[in-house]
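Working notes, structure below.
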2 protein chains.
Amino acid sequence: MALTRVRVVDVATSILREFGLGDLSMRRLARELDVAPGAIYWHIANKQVLLAAVAERLLADVPLGEQGADDPAAALRAHVLAVRDALLPVPDGADVVAIAYTLDPDSVPALREIGVLLKEAGAQDVAASTDLVVHHILGSVAATQVRAASPEEAVSSPDRFEPALDILLGLSCG
Amino acid sequence: MALTRVRVVDVATSILREFGLGDLSMRRLARELDVAPGAIYWHIANKQVLLAAVAERLLADVPLGEQGADDPAAALRAHVLAVRDALLPVPDGADVVAIAYTLDPDSVPALREIGVLLKEAGAQDVAASTDLVVHHILGSVAATQVRAASPEEAVSSPDRFEPALDILLGLSCG
DNA sequence: ACCTGAACACCGTTCAAGT
DNA sequence: ACCTGAACACCGTTCAAGT
C-alpha cells in the first residue's frame with residue numbers, strides 16, 4: 001500500500017487508541033507502516049503536526065450542527081458530553097487534543113462548535129466561556145484517565161464532571 | 001557539594017525556569033549537577049516524581065492562609081491570581097503542575113488552598129468547583145505561553161483569564 | 001516524486017562494581 | 001551509603017543517495 005498522509009494519520013490514531021501517547025513515536029509508527037522513519041517526513045512536517053491531525057480525527061465523529069436546536073442549552077450540554085465520551089476511551093486523548101487546541105483553538109471543529117452553541121444559548125462572553133468549557137473537558141478527562149490507570153482506588157471516585165459542567169452552563173448563560 | 005534530593009529538585013527547577021520542559025532531561029540535569037545520570041536515581045525514584053516535586057516548588061512562594069479573610073470571595077480571587085502569576089513566567093510551568101495535580105490533587109498546597117477558600121466563600125459543590133478553577137488556571141496559562149512563544153500575532157490577544165474567572169466565581173458561590 | 005540508509009544528537013532507567 | 005561506568009532499548013529529525 002502506498003504511503004499517504006491519510007494512512008500515516010490513520011495508523012498513528014490507532015496506535016494512540018491501543019497504547020497511548022508513550023507508544024506513539026515516529027519510529028514505532030514507521031515500523032507499523034513498514035517504511036523507514038524518514039519516509040514519514042515526506043508526508044508530515046513533524047510530530048506536532050501529526051498530533052494535531054490525530055486530535056482532529058479523534059473528534060471527527062462527533063456530529064456538528066444538529067439542527068433540532070429549539071433548546072440550545074440542551075444541545076450544548078449534549079454536545080459537550082459527546083466530546084467527552086469520544087475522548088474518554090482514548091488513552092491520553094485529552095492531552096493530544098489539548099496540544100492541538102493550544103496551538104490553534106480553531107483547528108478542531110468539534111471544539112469550535114462549543115463556541116457556536118454557547119452563543120446560541122445566550123452566553124455573555126463567548127470566548128471566555130468557550131475556554132472554560134474546553135479546559136474543563138480536557139482537564140477532567142485527563143484526570144479521569146490517570147485515576148483509572150492508577151492501581152489504588154479502583155473504586156472510581158464519583159464523577160465530578162457533570163456537576164461542574166452544570167455549574168458552568170448555569171453561570172455562562174442567562 | 002554533596003548530592004541531595006533538595007539540590008536535585010533545585011537545579012531541576014532552575015533548568016525548567018530557564019529552558020522549559022524540553023530541556024529538563026535526567027541526563028541534562030545530571031550534567032548540570034556534575035554527576036553520572038544514575039546518581040540521581042539514588043535520591044529520586046523517577047522523572048514523574050521529580051516533576052511533581054518541581055511543581056510543588058514552583059508554587060511554594062504563593063502565601064497560604066492569609067488570615068485577613070473578612071472577604072473570602074476577594075481572598076479567593078487574589079489567591080487564584082497569585083497562582084497564575086507564579087506560573088506565567090515559567091515555561092511549561094502549567095504542564096508540570098498539571099502532571100502533579102492529576103497524579104495527586106492534594107499534593108500541591110497552593111491548589112488545595114483553592115478548595116479551602118471556595119468553601120469559605122460558600123461554594124455549593126467544593127470538589128467540582130475546585131476542579132473547574134484549577135483546570136481554568138492551568139489551561140489558560142498553557143495557552144498564554146504557547147501564544148507568547150509563537151511568532152505570529154505578537155500582539156497578545158486580550159486576556160480572557162479574568163473575565164472567565166469572574167464567570168466561574170460568580171457561579172460557584174452564592 | 002517518493003523512499004532508504006545511515007547518521008547526529010539525544011533520551012529514561014538499571015545495575016554490577018567501586019569507594 | 002552513595003556514586004561511576006557501561007550498557008539496554010529506545011527517541012525526533014535530516015539528508016545524500018537511490019529508484
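Not measured: the values here are computed from a predicted model. Lettering follows sequence order; numbering is per chain, from 1. Computed over heavy atoms, backbone and side chain alike; hydrogens, waters and symmetry mates excluded.
Taking the side chain of B:M26 as heavy atoms from C-beta on, and the options D:dG12, C:dG12, D:dC11, the nearest nucleotide is C:dG12. Considering only the side chain of B:Y41, C:dT13 comes nearest among D:dT4, C:dT13, C:dC11. Comparing C:dC11, C:dT4, C:dT13 against the side chain of A:A39 picks out C:dT4 as the nearest. Closest contact between the side chain of A:K47 and the listed nucleotides D:dT13, D:dT4, C:dG12 involves D:dT13. Set against C:dG12, C:dT4, D:dC11, the side chain of A:V35 has C:dT4 as its closest nucleotide. Set against C:dC3, D:dT13, C:dT13, the side chain of A:L3 has C:dC3 as its closest nucleotide.
No chain of hydrophobic side-chain contacts below 4.5 Å, direct or via other Ile, Leu, Val, Met, Phe, Trp or Tyr residues, connects A:V6 to A:I40.
For the pair A:R27 CZ and D:dC11 C1', the interatomic distance rounds to 6 Å; values are reported in whole Å. Atom pair B:L50:CG and C:dG12:P shows a separation of 10 Å (rounding to whole Å applied). Atom CZ in A:R31 sits about 9 Å away from atom C1' in D:dC10, given to the nearest Å. Atom pair B:L21:CG and D:dC11:C1' shows a separation of 15 Å (rounding to whole Å applied). Rounded to a whole Å, the CD1 atom of B:I44 is 14 Å from the P atom of D:dC2. Taking atom CH2 of residue B:W42 and atom P of nucleotide C:dT14, one finds them 14 Å apart after rounding to whole Å. Taking atom CG of A:D34 as the reference point, atom C1' of C:dT4 lies 13 Å away to the nearest angstrom. One atom, CG of A:L24, and another, C1' of D:dG12, lie 12 Å apart when rounded to the nearest Å.
In summary, B:R160 and A:D125 do not engage in a salt bridge, as defined by a charged side-chain N under 4.0 Å from a carboxylate O. Salt-bridge formation is detected for the pair B:E162/B:R77: a Lys NZ or Arg NE/NH1/NH2 atom is positioned less than 4.0 Å from an Asp or Glu carboxylate oxygen.
Between A:A45 and A:D23, the residue whose closest nucleotide on DNA chain D is further toward the 5' end is A:D23.
Using C1' as the reference atom, D:dC2 and C:dA16 are 15 Å apart when rounded to the nearest Å. For the C1' atoms, the distance from D:dC11 to C:dA6 is 16 Å, rounded to whole Å. Of the C1' atoms belonging to D:dC15 and C:dC3, the separation is 12 Å, rounded to the nearest Å.
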- prompt: Can you list the steps and then say if A:R112 with A:D106 is a salt bridge (charged side-chain N to carboxylate O under 4.0 Å, His left out)?
  reply: CA-CA 6 Å; A:R112 225 171 18 204; A:D106 290 332; 5.5 Å; no
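Between B:V141 and B:F161, the closest side-chain pair of non-hydrogen atoms is not below 4.5 Å. Using a 4.5 Å cut-off on side-chain heavy atoms (C-beta onward), B:R7 and B:T4 make contact.
Relative ring orientation between A:H135 and B:H136 is described as tilted, the plane-to-plane angle lying within the 30° to 60° band.
Put simply, A:H43 has a side-chain N or O that comes within less than 4.0 Å of OP1 or OP2 on C:dC3.
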Dot-bracket line, read 5' to 3' along DNA chain C, where crossing pairs take [ ] and | marks a partner on another strand, Watson-Crick or G-U under 3.5 Å: ||.|||||...|||||.||
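Formation of a donor-acceptor pair under 3.5 Å by the A:D92 side chain with backbone atoms of A:L21 is found in this model.
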